[in-house]
**Q** 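My questions all concern the structure below.
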Amino acid sequence: MGLFDSLKRDRKTAETVTKQSEEPIAIEDSSYEDNIVIEDVEVIEREVVHEEEKEIPLKPIKSFKEKAPVKHVIGQTKVMAIINQKGGVGKSTTAINLSAALGEMGKQVLLVDLDPQGNSSSGLGIEKSRVDHCIYDVLLNDVPVEDVIIPDVCEGLDVIPATINLAGAEVELVSEMARENRLRDSVGSLRGKYDYVFIDCPPSLGLLTVNALVAADKLLIPIQCEFYALEGVTKLLDSMKRVKTRLNPSLDIFGVLLTMYDGRTTLSKQVVEEVRSYFGKTVFETLIPRTVKLSEAPSFGQPITQYDPSGKGAQSYINLAKEVINRG
Ligand SMILES: Nc1ncnc2c1ncn2[C@@H]1O[C@H](COP(=O)(O)OP(=O)(O)OP(=O)(O)O)[C@@H](O)[C@H]1O
Ligand SMILES: [Mg+2]
């Protein structure tokens, strides 16, 4: 059974139908799960199959030689690491949706999945079992970077996938020569071929993340609007400073992105204030709202601009893409 079959099965079995007793069920805003109030309801588990439910097509995996011709002249390639060692703050969601939005705006974008979880790969419909090589082979097996690029995954968007093999890289890199420079050396050969290269980092400050810090020109730091929002940020900035001093003098923050913003809560508003006073102008104007659609899209292997093009999630990532372009 393929990845999507099992995801669809999980989705179906998780669904329930509710039978109403005396009191009505109050659902104030169906886009927010925490708003649903269900009282005195008998819940019957039953498999529900939606009529509109379709087979999810697997993305064709082409070789780099089959890539569609690029129609514009590429200027300076900007390499950006999407980084925060804190888990679940929206790195992969941002990597997928910002890359796809920029691709749809006519930019040439490469997304490098540097996380052994491979969420950026699967979230874009790349079934990892069908991939011959991944970023691991570039870092440790001297496979040329072009051989692992999957072109045209979406409009203007190529992807270097990650598979579970990458989990070993953290340990295996330790004994390698020039271990911190591996990614920079391979990504360097792609300068001039893309407008943007985004690196989706794992939630740690290990050697993979250090490789991203060395390879990147700039950092994009997603911060979740939650109570411990700034926890760990000093450690991240320390790592950035150390890499800047020793290995990558021009490294800097490109932008700080507030994610999973819920405008109805005071906490979200306080976090925005706190983060803006800490980072100042580097914080993007665009706030990424918390929406169920953004969390559903990866299980359909689609960026939000395809899964729910008219929703507020898609609009927020389009606004972010515009800000990224305007920041130069
Ligand atoms: N704006 C949003 N609204 C609702 N859910 C979101 C939003 N952004 C991310 N999520 C969900 O939150 C979870 C964590 O997001 P994501 O995987 O992007 O974070 P991450 O920083 O890449 O995590 P990790 O550190 O594990 O790599 C996922 O289930 C994702 O679908
Ligand atoms: Mg991730």
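All values below come from the heavy atoms of this structure, side chains included, with hydrogens, waters and symmetry mates left out. One-based numbering, in listed order, for ligands and for the atoms of each.
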**Q** Can you tell me the protein heavy atom closest to atom 19 (O) of ligand 1 and the distance?
**A** Gly90 N, 3.0 Å
**Q** Starting from atom 5 (N) of ligand 1, locate the nearest protein heavy atom and write down its residue, its atom name and how far away it is, to 0.1 Å.
**A** Ser295 CB, 3.6 Å
**Q** Please could you name the atoms of ligand 1 that Gly88 approaches to less than 4.0 Å, counting only its heavy atoms?
**A** 14 (C), 19 (O), 20 (P), 21 (O), 23 (O), 24 (P), 25 (O), 26 (O)
**Q** At less than 4.0 angstrom from any non-hydrogen atom of Pro289, what atoms of ligand 1 do you find?
**A** 1 (N), 2 (C), 3 (N)
**Q** Using a strict 4.0 Å cut-off to heavy atoms of Gln117, name the atoms of ligand 1 that fall inside it.
**A** 24 (P), 26 (O), 27 (O)
**Q** Among Val79, Leu213, Asn211, Val214, find the residue that satisfies the side-chain contact (heavy atoms from CB on, under 4.5 Å) test when tested with Arg184.
**A**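 That would be Val214; it is the only one of Val79, Leu213, Asn211, Val214 passing the side-chain contact (heavy atoms from CB on, under 4.5 Å) with Arg184.
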**Q** With a 3.5 Å distance limit and no angle check, can you tell me whether Lys293 reaches the backbone of Ile304 through a side-chain donor-acceptor pair?
**A** no
**Q** Could you list which atoms of ligand 1 come closer than 4.0 Å to a heavy atom of Val89?
**A** 19 (O), 20 (P), 21 (O)
**Q** Ignoring hydrogens, tell whether any protein atom lies closer than 4.0 Å to atom 2 (C) of ligand 1; use the non-hydrogen atoms only.
**A** yes
**Q** With nothing but distance in play, are any N or O atoms of Cys201 less than 3.5 Å from an N or O of ligand 1?
**A** no
**Q** Transitively linked via ILVMFWY side-chain contacts under 4.5 Å: Leu247 with Ile83?
**A**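 Yes.
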**Q** Could you point out which residue of Ile160, Val143, Ile199 forms a side-chain contact (heavy atoms from CB on, under 4.5 Å) with Ile135?
**A** Ile160
**Q** In this structure, would Leu287 and Tyr278 fall into the same cluster of hydrophobic residues linked by side-chain contacts under 4.5 Å?
**A**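 Yes, because Leu287 and Tyr278 connect within a single hydrophobic cluster, where side-chain heavy atoms sit under 4.5 Å apart.
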**Q** With a cut-off of 4.0 Å, which atoms of ligand 1 are near a heavy atom of Pro203?
**A**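 Taking each heavy atom of Pro203 in turn, ligand 1 has 25 (O) under 4.0 Å.
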**Q** Which of the numbered atoms in ligand 1 are under 4.0 angstrom from any heavy atom belonging to Ile288?
**A**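 Close to Ile288: 1 (N).
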**Q** Heavy atom under 4.0 Å from ligand 1: found in Pro222's side chain, backbone, both, or neither?
**A** neither
**Q** Is a side-chain N or O of Lys218 found less than 3.5 angstrom from the main chain of Gly255, in a donor-acceptor match?
**A**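 It does not hold such a pair.
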**Q** Looking only at protein heavy atoms, which one is nearest to atom 30 (C) of ligand 1, and how far off is it?
**A**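 Ranked first by proximity to atom 30 (C) of ligand 1 is Thr93 OG1, 3.8 Å.
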**Q** For atom 21 (O) of ligand 1, which candidate among Met260, Lys91, Lys312 provides the closest heavy atom?
**A**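 Nearest option to atom 21 (O) of ligand 1, by heavy atoms: Lys91.
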**Q** So with a 6.0 Å cut-off around CD of Glu66, is the heavy-atom count from everything else above 12?
**A**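 Atom CD in Glu66 is crowded, with more than 12 foreign heavy atoms closer than 6.0 Å.
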**Q** If you measure every N/O of Gly87 against every N/O of ligand 1, is any gap under 3.5 Å?
**A**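 There is no such contact.
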**Q** Please determine if Arg191 and Asp217 form a salt bridge, counting it only when a charged side-chain N lies under 4.0 Å from a carboxylate O.
**A**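 Salt bridge present between Arg191 and Asp217.
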**Q** Output the list of atoms in ligand 1 that are nearer than 4.0 Å to some heavy atom of Asp115, sorted by atom number.
**A**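 Contacts of ligand 1 toward Asp115, numbered from 1: 27 (O).
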**Q** If hydrogens are left out, which of Thr291, Asp262, Leu294 has an atom nearest to atom 4 (C) of ligand 1, that is, the closest non-hydrogen atom?
**A**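 Looking at heavy atoms only, the winner is Thr291.
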**Q** Could you tell me if any non-hydrogen atom of Thr259 lies under 4.0 Å from any atom of ligand 1?
**A**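 No; Thr259 lies far enough from ligand 1 that no heavy-atom distance drops under 4.0 Å.
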**Q** Examine distances only and state if a side-chain atom of Gln108 and a backbone atom of Lys193 form a donor-acceptor pair shorter than 3.5 Å.
**A**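 No, Gln108 side chain to Lys193 backbone: no donor-acceptor pair under 3.5 Å.
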**Q** Under 4.0 Å from atom 28 (C) of ligand 1, is there any protein heavy atom?
**A** no
**Q** Would you check, one step at a time, whether the test side chain to side chain contact (heavy atoms under 4.5 Å, CB included) holds for Phe279 with Leu258?
**A** CA-CA 11 Å; Phe279 283 103; Leu258 287 152; over 6 Å; no
**Q** Does Ser92 bring an N, O or S atom to within less than 2.8 Å of the Mg ion (ligand 2)?
**A** yes
**Q** Could you check whether Asn319 and Thr286, counting side-chain N and O atoms only, form a donor-acceptor pair closer than 3.5 Å?
**A**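 Checked: Thr286/Asn319 side chains show no N/O donor-acceptor pair below 3.5 Å.
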**Q** Please check: side-chain N/O of Arg327 versus main-chain N/O of Thr282, any donor-acceptor pairing under 3.5 Å?
**A** yes
**Q** What are the atoms of ligand 1, with element, lying closer than 4.0 Å to any heavy atom of Ser92?
**A**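 With Ser92 as reference, the close atoms of ligand 1 come out as 18 (O), 20 (P), 22 (O).
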**Q** Report yes if some N/O of Val292 lies less than 3.5 Å from some N/O of ligand 1; otherwise report no.
**A**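 No, since none of the N or O atoms of Val292 sits under 3.5 Å from an N or O of ligand 1.
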**Q** Looking at every non-hydrogen atom in both residues, tell me the closest pair between Gly75 and Asp195 and how far apart they are.
**A**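 That would be N-OD1, 4.3 Å.
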